[in-house]
Amino acid sequence: KTDLPIFAVRQRLIEEFKKSETSIVIGETASGKTTQIPQFLYNCGLHKNGLIACTQPRRVAAITIAQRVAQEMGTPVGQEVGFCVRFEDSTSSQTRIKYMTDGMLLRESIGDRLLKKYSIIILDEAHERTIQTDVLFGVVKYAQVQRKAENHRKLRLIVMSATMDVDHFAKYFSSAPVLYVEGRLHPIKINYTREIQSDYIGAALTTVFQIHQEEPAQDDILVFLTGQEEIETVAQTIKDLQLSLPLSLPKLIVCPLYASLPHSLQLRAFKSTPADCRKVVLSTNIAETSVTIRGIKFVVDTGKVKAKSFNASTHLDILSVQSISQAQAWQRAGRAGRERHGIVYRLYTEAQYFNFSPNTVPEIQRCNVSNTILQLLAIGIKDIHAFDFIDPPSKESISSAFSELTLLGAVVQSGSKLYELTALGQKMSVFPLDPKLSKAIVCAIPQNCVEEMLSLVSMLSVESVLYTPQAKKDVALDVRRKFTSNEGDFVMLLNIYRAFKQSKGSKSWCFENYINHRNMNVVFEIRKQIRGLCLKANVPLTSNQRDMKVLRRCVAHALFTNAAELQTDGTYRAIDSNETVLIHPSSCLFQSKPSYVVYRELIHTSKCYMRDLCVVDPDWLYEAAPNYFQSKLKGRR
DNA sequence: TTGTGGTGT
């Protein structure tokens, strides 16, 4: 390990850390900064017996890095070195170096805004600009100043990032010194197309076969595409085309890679390639940051990505194919040069590259921020407009969040631009859930159906638990028919949860019923966690197993802004936005036409569809928000 | 009559 480039600058880093309260460390992955810098600080006693936090955007990273560092220090995980992620905390009173997800540190700041148990906080992978890291920037900056003002122990901050946006970070952190650590990336040759490619999928196929015919086997290829369907189509095309190639060429092993692919199939992409074969990994942006594949020599970059954007006027999240940023293009290119020099084929011209925006728009400017705002208020930040965001969300996005939270009764306006948490909002902020789902739990308390609501909310908090492979679609739908309900998908989900519980979490039960076992286990974990939070908050764990009507009424009280009304032409009208919407064909209510429903979410594809529905009585909607519905219905023609 | 980039509490 001592041959890592970081050891060459160890002394200089330590001196700089001693000198300045805030430092910025720039270094590529594989520079060793994440594993070594916390150890340097610990070994020279700079933490003064407080905790050293090192935050990561991803759970897996927090866990595996902690394990590696513990091994290097020759101690079991959980003693001097530990990790803390949702559902799993390995730390003990001995722990001094704590790897944690940034979301976890943010949660802790609700209990102590000054984060007093930490003497050093390292924000790692800052260039990824997740919502949580962005909010933490403001929280730790405030904590540092305020701790000084209140004569608490000094808080030392270290921001670690790849080579992007350096000036932006330095400026935000009052011109903190920037320290560079050499990476270990091998040289990469970049090729652009000479002409603009109108068909990036066709261009990707051509490039893959060109590499395949000209380059030695064993040199694997990574292709960046935008989504599952595209990847499966390209995979099939490569397999088909391979049949017409000369037999003398090496065999192509095609490996799709995307997050919703079952784990066992994902693993194929990481297996080493047999001699005389070549691996082609067809991946979404999961291979940009979340996973690393060894042995990649060629990267084929289509320059496209599927990304979310938020429309504050319609309150809609839209997922669409967009051009990547220049920073993303370099991140992708870097995937080629990890073990030896690599070659990158960019399927766009150099002029197009210079037209890409230099940096990816931070997530906080692309998504609905209701949850973030609720969290900031819970931390104790009263004036959101004055909060020191490194890049603030748009005014429209913030006011859209406030109007949603006001409607839900979570906040009230207490000044021209000031908002306060209500008692309800306080209760809601206890749960690490979408605000509407937190409210559903609170609504269940007076109706005495808390246990059922915990199950439902947990089911609604994961990606779909239904597993419907295209080839076995009819069988899957048929075997799951026993769970469906004319009261809607919410009741169906509760039925599935109950059957899964009765099977004692059986994997074979899931297999037989076309249910995703991995996601069901997450449902169990979430339920256990929020049930624990209820106990801590003295929420009575009441149960009403039979009466689904009372459960649906609570749902109506919490999700009334997601209500839709049947129109005479058979379509629905979303009452909040007045848009025409349809029942998604995957819903168990697809064949029926209930007069009023609430939905979990809208997805905008070929049409605007409501996904996950619950049949409601319009009276329940009025009960929940009389003024809102009166004005909404007045506007009707 | 259909489709889900990736994370996280």
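Keep in mind that what you see is a predicted model, and the values were worked out from it rather than measured. Residue numbers begin at 1 in each chain, while the letters A, B, ... track the order of the sequences.
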Can A:R346 be said to sit on top of A:W330's aromatic six-ring, NZ or CZ under 6.0 Å from centre and within 45° of the ring axis? yes

Under 4.0 Å, counting only non-hydrogen atoms across every strand here, what does A:T284 touch: a base, just sugar-phosphate, or nothing? sugar-phosphate

How is A:Q132 classified with respect to the nucleic acid when contacts are heavy atoms under 4.0 Å: base, sugar-phosphate, or nothing? base

Closest listed nucleotide, where the reference is the side chain of A:N285 and the choices are B:dG5, B:dT2, B:dT9: B:dG5

So what does A:E363 hit on the nucleic acid, given a heavy-atom distance under 4.0 Å: a base, only sugar-phosphate, or nothing? base

By the 4.0 Å heavy-atom rule, please label A:R611 as base, sugar-phosphate, or nothing. base

Below 3.5 Å, does any donor atom in the side chain of A:K607 face an acceptor in the base of B:dT1, or the other way round? no

Distance in angstrom units between A:R332 CZ and B:dG5 P, rounded: 13 Å

Please work out if A:K304 contacts a base, only the sugar-phosphate, or nothing of the nucleic acid, heavy-atom cut-off 4.0 Å. nothing

With a 4.0 Å limit, can you tell me whether A:S464 has a side-chain N or O closer than that to the phosphate oxygens OP1/OP2 of B:dT4? no

Value in whole Å for how far the C1' atom of B:dG5 lies from CD of A:E128: 14 Å

Kindly point out which of B:dT9, B:dG8, B:dG6 is positioned nearest to the side chain of A:R58? B:dG8

So do A:V581 and A:L602 actually touch side chain to side chain, heavy atoms under 4.5 Å? yes

Has A:R366 got a side-chain N or O lying under 4.0 Å from the OP1 or OP2 atom of B:dG5? no

Given B:dT9, B:dT4, B:dG6, which nucleotide is nearest the side-chain atoms of A:P432? B:dT9

Rounding to a whole Å, what distance do you find between A:E463:CD and B:dT4:C1'? 6 Å

Looking at B:dG8, B:dG5, B:dT2, which one has an atom nearest to any side-chain atom of A:Y609? B:dT2

In whole Å, what is the span from the NZ atom of A:K593 to the P atom of B:dT1? 11 Å

A:V321 near the nucleic acid: base, sugar-phosphate alone, or nothing, with a heavy-atom cut-off under 4.0 Å? nothing

With a 4.0 Å cut-off on heavy atoms, is A:F590 in touch with a base, just the backbone sugar-phosphate, or nothing at all? base

When rounded to whole Å, the NZ to C1' distance for the pair A:K308 and B:dG3 reads 15 Å

Should the pair A:R611 and A:Y599 be classed as cation-pi, given the thresholds of under 6.0 Å to the six-membered ring centre and 45° from the axis? no

Which nucleotide in the set B:dT1, B:dG5, B:dT7 lies at the smallest distance from any side-chain heavy atom of A:K306? B:dG5

Tell me if the centroids of the rings in A:F524 and A:F500 come within less than 6.0 Å of each other. yes

Whether the side chain of A:E288 and the base of B:dG6 hold a donor-acceptor pair under 3.5 Å is what I'd like checked. no

Quick one: is B:dG5 close enough that its OP1 or OP2 comes under 4.0 Å of any side-chain N or O from A:T226? no

Nucleotide nearest A:K473 when distance is taken to its side chain, options B:dT9, B:dG5, B:dT2: B:dT2

With a 6.0 Å cut-off on ring centres, are A:Y99 and A:F83 close enough? no

Closest heavy-atom pair and its distance - A:P585, A:F590: CA-CD1, 3.5 Å

